[in-house]
Structure formats: C-alpha cells, structure tokens
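A short write-up of the structure that comes next.
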Amino acid sequence: MAPSLSSIRSHHVAVIGAGAAGLVAARELRREGHSVVVFERQKQVGGTWIYTDHVEPDPLSVDPTRPVVHSSVYATLRTNLPRECMGYRDFPFVARSGDQRRFPSHGEVLAYLQEFAKEFAIEEVIRFETAVERVAPATEGGNGKWRVESTEKEKRVRRDEVYDAVVVCNGHYIEPRLAEIPGISSWPGKEMHSHNYRIPEPFKDQVVVLIGNSASAVDISRDIAGHAKEVHVAGRSNPADTFIKQPGYSNLWMHSMIELVNKDGSVVFQNGQTILVDVIMHCTGYKYHFPFLETNGSVTVDDNRVGPLYKHVFPPELAPWLSFIGIPWQVVPFPLFELQSKWIAGVLSGRIMLPSKEDMMEDIKSLYATLEAQGIQKRYTHRMGIAQFEYNDWLATQCGCPGTEEWRKEMYLTTGVRKRAKPETYRDEWEDHHLISQASQDFSLYTH
Ligand code: FAD
C-alpha cells in the first residue's frame, strides 16, 4: 500500500561533499521537502573537477598527515565520455559558451556543475571551507540520529550538530592504491601516483614507466610521450610476453607487469626486457576512504569493498539514516548519482519503502555469493560496467521514474569500443550521429 501524504516526513539531512554527487543529492533531497546542509571543505563546488596546479608534497600520497589536494585532474584532461551521455538526466550537459567540444576539457565540466548549482540555488545550503571531521551515532543505543562535527576556515569555527540523516558524497579518487614492486625499497628512482600528475614538461628527456591499464594510464602515457625520452606502460592484466610498440609513437611501449626493480635503477618486466628508468608512476586507482565516519563496525572497507551496503547505498543496520552516493565505478557517474539521490530522498521521506534489515542483508549476501561464484575478487564488488543499466533501471523503478534512455546506453557502449580501438582519436572523430540526434530530442524537453 502506498504511504498516505500525511505519513510523508521531512528530515534534516547533512550531505558531505559538493562534487557531482553532493550537488545532485542536495537538489533531490530538497525537491522531496527535506532540509539540507552541505558540508564542503573546498571554496567552491565541483569536487574533482576543480583543477589546481598544486600537488601533494608526498608524490605517492601515502603519508596520512599530508595536506590533501582533492583533485586528480591534470591540465590536458578531456572527458572520456561524450557530454550528452555524461550529464544529469534533466539538466543536459549541452555546449554553452565555453569549450564546445563533445569530449570537453575539465574546465567545461566544472562550469557545468557550477551552472547546475546556480540553477537549483544549491549554494545557499552549502557551507564552504568546512571540513567534516567526525560523523557518529548521536546516542549510544542509536535513535537513528547522527552527530556531525565540522570545522570551518582552517579550524577557526567548530560545530557539533545533530542531523536526522547523513548522505556521504566525499568522492573516492584521493586515497591512492599502489602496485607492489619487488625490490622497490632500494630502487633509486622517483615514484609517484597519477593523483599528483599535472603536466608533462617535468618528464622531458626522462625514461618513465606507468603502471596500469585504466583510462589514466592510457591518457597520461600519451601526454608524457611528447616530452619524455621513453614511456613504458606495464599492465598487470597483460599477458607475460607483452612487448608492443604503440602505433604512431617512436617512444611508447606496452609491457607485461614489472617483475622486479634493482639498486642500479633498472626495471625488469615479466617479458624479460630490462630498462634503466627515472620515474615510476602508479596509475593504479584509489581506495574508498571515510576517515570521519564512526559506525562501530556497521560499515567497513575491506579490500575496497564498502559493506555491507544494500544496492551499494544503504548499510542495513543504519538505513535509511546513513547512505552513500557514488560508490559504483566503471559507470556513467552523474545520471547514476541522480537516481541514487532520488531513491535516498524518497526513502527518507517514507514515500519509497526499503525491505526489512534481514532482507537487505540477504540481498547483499546473494551479491557476494554471485561474485564469488564468478571468481570476481572482493575489490571489484562495486565495479559495474554494463550491469549499471540494470542497476539504474532498478533504482528508477523504485523512484517511479523512467529508466536509462536507450541512446545513452548505446552511446556508452559505442564510446567504450572506440576508446579501446582508437585512444588517440575517439574524442574528435565519431559515427554515432543518430544517437546525438536522439539525445537532442530528449534534451529539448529541458532546454527550451
Ligand atoms: P568528488 O568530485 O571527488 O567530490 C567530493 C567532494 O567532497 C569534494 O568537493 C571534497 O572537497 C568534498 N569532501 C571530501 N571529504 C570531505 C570532508 N571530510 N568534509 C567536507 N567536504 C569533503 N567522470 C565522468 O563522468 N567523465 C569523465 O570523463 C571522468 N573523468 C575522470 C577523470 C579523472 C582523473 C577522475 C579522478 C575522475 C573522472 N571521472 C569522470 C569520475 C568523477 O570522479 C565523477 O564524474 C564525479 O565527479 C565524482 O563526483 P563525487 O561528488 O562523487 O566526488
């Protein structure tokens, strides 16, 4: 039975982070009638899309006391999804006055997020330069409420407040994962993580090894190849004999993984090649990290599995009063955040029902069992890929709104194929014109 209008409740909700996830969370929560405070430790909205020249003093970002630089974006970064596909569903990412390209630069994404915040007056509920230091249940027995401790403007103003619910949107591209390399402690070269990569010039005439198979290794290796003496990419999932010169480059090679490194500065690959190297860059991704969150063990991060989380959002023990947006990866992030936000907003108001705690746990256990049966490692629990569309459609059904548009699915798939086949040109040459016109037709509902 649908809840009656009188049983729909409005709550006081804290949102942590004003990136793409926190902004749409604030919008959907307010649309549902909740009162919202967004905590943002930076000076502006946009999260990872706020490019900065600054990098962390520790190039590997392993020192827990280091000053954190939030953004991982480098100077020449362009999106790896076409703008039509990437934007929120009812606020299309159409070309406006800035970078008109279909795969625009990071600055254009930031401008889009700023416009989104302006359009829905989200800034009025954001506390900028305010870092959340601690989130914990407000009382011992737990009455659902949360205590949120924050500090503003370099710890000059401290606040300790109670909220009905907390939505965590703190991003997950700041706490690097590193590859394990035999011999690294006595290797004399420089090591860094791609989180601290900004421009290629410092690599002039250097021999650089990048570790990773993901988008950042593909893009950064090409960015650096124009300046470095040699660039070698080592991929864990490449067959052991991989040694391929990349077409179109005189100085870029693909290898299997590093076997070991030596005191004389050499790097030995599994394919038997040995090279004297100046820099090793780990393009090996990131770990989920919630340094402010205290849940008495109800939510843990174990080998990059955040859990238990019902549908990657609600920990059953604490639902619906604690939730997470943006945990899935290998997805189209903004529309997925939008659907997760709608779901959370509706569940909090009582308009959408969650299953019992026991049933949510059963669902999570069954996901874990399926992953195990398929031989998928724990750290891939939140990797979605093609499964994201079924997930989105499930969320949409819960929310009573339409599922993912067919053109968006097809655009995502087509782009993926072209990206792998033509990493140099896929951003500037394409054939999916029919999908662009379908997208424009849909967008006309919102842009006129
Ligand atoms: P973030 O953007 O990281 O925002 C989190 C916010 O939380 C930040 O503003 C941070 O300051 C704040 N915060 C964190 N902790 C606290 C705290 N304790 N107190 C207060 N505030 C806090 N996606 C695409 O769609 N297309 C792309 O082409 C694409 N390219 C990418 C390239 C790179 C190099 C990276 C790293 C990511 C890319 N992504 C891309 C994914 C991108 O991360 C998502 O699109 C999206 O921006 C993530 O938003 P978020 O809000 O989850 O996190």
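What you are looking at is a predicted structure, and each value in this text was computed from that prediction instead of being measured. Read the numbers this way: they start at 1 and go in the same order the structure lists the ligands and their atoms.
- Protein heavy atom at the shortest distance from atom 13 (N) of ligand 1 is Arg41 NE, 4.0 Å.
- Ligand 1 lies within reach of Thr130, whose nearest heavy atom is under 4.0 Å from it.
- The protein non-hydrogen atom at the shortest distance from atom 40 (C) of ligand 1 is Trp49 CZ2, 3.5 Å.
- Here is the list of ligand 1 atoms found below 4.0 Å of a heavy atom in Phe292: 18 (N).
- Taking the six-membered ring where the residue is Trp, Tyr310 and Trp394 present perpendicular rings, their angle passing 60° and hence far from 30°.
- Contact annotation for Pro291 and ligand 1: no heavy atom of the residue comes within less than 4.0 Å of the ligand.
- The two residues Pro402 and Ala396 have their closest heavy-atom pair at O-CB, 3.5 Å.
- In this model, no donor atom of one side chain and acceptor atom of the other lie less than 3.5 Å apart for Tyr380 and Gln330.
- Between Val38, Ile325, Leu336, Val132, it is Val132 that holds the heavy atom closest to atom 18 (N) of ligand 1.
- The closest approach between any non-hydrogen atom of Val73 and ligand 1 is not below 4.0 Å.
- Closest approach of Val38 to Ala26, counting heavy atoms only: CG2-CB, 3.8 Å.
- The shortest contact between atom 12 (C) of ligand 1 and any protein heavy atom is with Glu40 OE1, 3.3 Å.
- For the side chain to side chain contact (heavy atoms under 4.5 Å, CB included) with Leu77, the qualifying choice from Trp49, Tyr51, Tyr197 is Trp49, the only one to do so.
- Within ligand 1, counting atoms from 1 as listed, the ones closer than 4.0 Å to a heavy atom of Ser72 are 34 (C), 36 (C).
- Considering backbone and side-chain atoms alike, Tyr173 places every N or O at 3.5 Å or more from each N or O of ligand 1.
- The shortest N/O to N/O separation between His172 and ligand 1 does not fall below 3.5 Å.
- For the pair His232 (side chain) and His255 (backbone), a donor-acceptor distance under 3.5 Å is absent.
- Closest protein heavy atom to atom 23 (N) of ligand 1: Pro333 CG, 3.6 Å.
- If you look at Tyr74 next to ligand 1, there are no close heavy atoms at all, none under 4.0 Å.
- Checking Ala18, Gly19, Pro335, Gly17 against atom 4 (O) of ligand 1, the nearest heavy atom belongs to Gly19.
- For atom 3 (O) of ligand 1, the nearest protein heavy atom (residue, atom name, distance) is His70 NE2, 2.6 Å.
- For Ala131, the closest heavy-atom approach to ligand 1 falls below 4.0 Å.
- Ion pairing between a basic and an acidic side chain is recognised when a charged N comes within 4.0 Å of a carboxylate O; Asp90 and Arg31 show such pairing.
- Taking all atoms of both residues into account, the shortest heavy-atom contact from Tyr163 to Glu161 is OH-OE1, 3.2 Å.
- Those atoms of ligand 1 that come under 4.0 Å of a heavy atom in Leu81, given as number and element, are 25 (O).
- Using a non-hydrogen distance threshold of 4.0 Å, Gly326 does not register as a contact of ligand 1.
- Contact of the Val279 side chain with the Val208 side chain is registered, since non-hydrogen atoms from C-beta on lie closer than 4.5 Å.
- Of all atoms in ligand 1, listed by their number and element, those nearer than 4.0 Å to a heavy atom of Cys169 are 5 (C), 6 (C), 7 (O).
- Looking only at protein heavy atoms, the nearest one to atom 24 (C) of ligand 1 is Met86 CE, 3.7 Å.
- The minimum heavy-atom distance between Ile174 and Tyr286, with the atom names listed, is N-CD2, 3.5 Å.
- For ligand 1, the atoms sitting less than 4.0 Å from at least one non-hydrogen atom of Ala21 are 50 (P), 51 (O), 52 (O), numbered in the order shown with element in parentheses.
- In this structure, the protein non-hydrogen atom closest to atom 33 (C) of ligand 1 is Leu77 CD1, 4.2 Å.
- Salt-bridge formation is not detected for the pair Arg198/Asp53: no Lys NZ or Arg NE/NH1/NH2 atom is positioned less than 4.0 Å from an Asp or Glu carboxylate oxygen.
- Taking each heavy atom of Val313 and Tyr391 in turn, the nearest pair found is CG2-OH, 3.7 Å.
- Under a 3.5 Å cut-off, the side chain of Asp223 and the backbone N or O of Ile199 do not form any donor-acceptor pair.
- For atom 35 (C) of ligand 1, no protein heavy-atom neighbour is found at a distance under 4.0 Å.
- The aromatic rings of Trp430 and Phe103 lie tilted to each other, with the angle between the two planes from 30° to 60°.
- In terms of protein heavy-atom proximity, atom 28 (O) of ligand 1 is closest to Asn80 N, 2.8 Å.
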